[in-house]
Amino acid sequence: MSPTHRSFVSLCAATALFAACSSDTAITPEPSNVGRALKISTRPDSLFYGRATTLSIQDSADMTGVPVTRTWSSSDTSVLVVDSAGNVLAVGVGAATISVKRTGASDTVRINAVLMRADGGVPMASGGHWSGGLRICAVAVNRGVYCRRAASAADTAPLFVRALGAAGMQFTDVKTSEDAECALSTAGAIYCWGRNDHYLMATRATLAMDSGPVAVKTALRFSSFTHGGHAQTCGISIADSLTYCWGHNDSYQLGHDTNGLDDSIPKPVVGVGKTLSVSTHNATSCTIALANSAYCSGAYGVRHHTVLVGPSETKSMLPVQTPERFRTLSHGDLFLCALAMDNAAVCWGSNTLGSLGNGSERDEYLYEPRRIVGSLSFAKVEAFYRTHACGLTVGGDLYCWGAFPPAAISTRLGAKAYAPVHVAKGVKFTDVFGSGRLCGITTDGRALCW
């Protein structure tokens with residue numbers, strides 16, 4: 001069996017969308033059927049990326065009572081694939097012709113594979129890192145914050161709409177968590193809306209935040225920030241380039257000792273000094289110091305992201321044990337991915353769902369950062385929840401690994417990809433964000449989701 005045939009048979013067995021697939025059968029001459037009509041009766045103009053549809057046919061040969069063998073094919077299997085039952089899956093972006101043939105008759109249909117546009121006509125500039133909940137947010141070119149809330153993974157309706165109460169406000173970045181969304185204003189102040197769980201507003205007072213953005217109670221101004229996980233927030237101060245953290249600290253993810261209690265006062269992390277970037281998720285926070293070395297604190301920061309162990313070591317930032325130096329880093333739930341100085345993607349932590357992208361199929365923890373498979377040069381690397389990560393190349397191509405959405409694509413690969421896969425091939429992106437659903441911002445500001 002050829003590799004191509006083997007991969008397609010695997011496709012058919014891996015997903016219910018393609019349950020009707022069967023192995024190839026040799027075509028036998030059917031002289032009595034020659035010239036009889038064969039027509040594809042369902043003729044969709046387009047199909048969303050990652051979605052499947054079944055093409056029905058009308059064949060006069062079926063009226064003869066003689067068994068009929070038909071074959072299906074796609075003119076471009078990087079865009080559309082089809083099985084022996086006429087089930088079509090959009091695996092790329094573009095157009096392809098689907099053909100059905102039997103002895104003496106054939107028919108074709110041209111189908112466009114497209115990504116769902118969700119920006120509502122407002123050009124987008126950058127997406128927000130997601131760490132929980134159903135809301136995904138982005139910053140538009142007009143510096144407004146826009147969010148969309150999908151009811152489920154199959155929901156294609158919601159567009160990005162301006163955040164409630166934020167009309168006229170100007171932001172440079174936005175982050176979301178299960179309880180709140182926070183955004184960084186052009187003046188360096190952090191605003192949040194949602195709930196004040198674990199003192200994310202840097203105050204113990206009860207605040208009505210659901211009506212719109214409320215300024216975090218601090219005089220500090222920040223050049224960048226992160227928010228998420230267990231409602232912890234960190235930002236790099238403009239005044240001294242130190243990372244300040246506050247909020248939930250049950251695992252010492254704030255990088256300073258509060259005896260496991262939440263902290264409403266922004267305080268510098270211990271053990272790092274001046275920093276270039278900061279990231280947080282779950283019970284972990286990590287920073288990149290001026291020398292481009294990474295430091296982490298918290299339960300997973302120590303247990304899974306460094307070779308150091310021991311409860312007392314979680315109370316301050318500890319160096320990640322690696323010779324690698326990094327530009328940025330991004331948290332998943334139980335793993336991290338970072339952008340190395342030479343633009344390679346480096347990941348470490350849990351490989352349960354293939355989220356480390358290093359080619360290994362083992363369910364294991366890697367305590368030392370390891371480069372992903374291939375020699376791709378990335379401009380951005382993002383880790384998402386506990387299932388997958390994606391990298392955006394310097395040329396604008398999107399690659400993902402792990403159990404990434406949409407499910408139909410990763411299922412076709414065997415439910416998870418242990419090496420980077422070119423996602424939404426044919427489209428150039430400037431950013432990628434989301435989690436349970438992914439969205440990308442194209443070079444012309446469109447927000448496309450799948």
Side-chain angles (χ1 to χ4, degrees), residues 1-117 152-157 405-414 424-427 448-450:
M1 184 182 293
S2 69
T4 300
H5 178 66
R6 188 183 301 111
S7 63
F8 188 71
V9 172
S10 297
L11 183 160
C12 299
T15 171
L17 294 173
F18 286 73
C21 295
S22 61
S23 60
D24 292 347
T25 303
I27 299 175
T28 56
E30 301 170 40
S32 62
N33 294 330
V34 175
R36 295 181 182 275
L38 172 63
K39 180 181 180 181
I40 300 174
S41 55
T42 53
R43 308 183 71 83
D45 293 327
S46 61
L47 184 63
F48 280 132
Y49 172 75
R51 302 296 178 87
T53 190
T54 300
L55 300 181
S56 300
I57 59 172
Q58 295 175 344
D59 191 351
S60 59
D62 290 335
M63 303 298 293
T64 66
V66 178
V68 179
T69 300
R70 290 178 285 263
T71 60
W72 292 85
S73 62
S74 169
S75 64
D76 190 344
T77 55
S78 70
V79 176
L80 298 174
V81 294
V82 61
D83 69 4
S84 60
N87 297 307
V88 180
L89 174 67
V91 297
V93 177
T97 298
I98 300 298
S99 303
V100 60
K101 297 179 180 180
R102 64 163 170 79
T103 302
S106 65
D107 196 13
T108 62
V109 61
R110 186 77 169 172
I111 302 175
N112 295 305
V114 299
L115 287 166
M116 182 187 68
R117 186 167 180 176
S152 69
D155 192 348
T156 61
I409 300 296
S410 55
T411 298
R412 180 172 177 255
L413 300 167
K425 186 176 181 180
V427 180
L448 305 176
C449 300
W450 58 93

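Quick caveat: nothing in here was measured; it's all calculated off a predicted structure. Worth knowing before you read on, the calculation uses all heavy atoms, side chains too, and leaves out hydrogens, waters and symmetry mates.
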Non-hydrogen atoms of L80 and A113 that approach each other most closely: CD2-CB, 4.1 Å
Straight-line distance of K39 NZ to I57 CD1, nearest 0.5 Å: 12.5 Å
Taking every heavy atom of I111 against every heavy atom of P44, the minimum-distance pair comes out as CG1-O, 3.6 Å
Take V81 and S74 through the side chain to side chain contact (heavy atoms under 4.5 Å, CB included) test and state the conclusion after the steps. CA-CA 6 Å; V81 294; S74 169; 5.9 Å; no
Nearest 0.5 Å please: distance from the CG atom of L47 over to the CG atom of L89. 7.5 Å
Main-chain N/O of L55 paired to R43 side chain as donor or acceptor, under 3.5 Å: no
Rounded to the nearest 0.5 Å, the CD1 atom of I40 sits from the OG atom of S99 at a distance of 7.0 Å
Compare every heavy atom of A424 with every heavy atom of Y49, then report the nearest pair and how far apart it is. OH-N, 3.4 Å
State, yes or no, whether a side-chain contact exists between T54 and T42 at a heavy-atom distance under 4.5 Å. no
Would you say V114 and F48 make side-chain contact, with heavy atoms under 4.5 Å? yes
Value for CZ (R110) from CG (D45), rounded to nearest 0.5 Å, stands at 12.5 Å
Please say which of N87, V100, I98 ends up in a side-chain contact (heavy atoms from CB on, under 4.5 Å) with V82. I98
Only one of D62, D59, D107 passes salt bridge (charged side-chain N to carboxylate O under 4.0 Å, His left out) with R102; say which it is. D59
State, to 0.1 Å, how close V79 and A95 come at their nearest heavy-atom pair, and which atoms those are. CG1-N, 3.8 Å
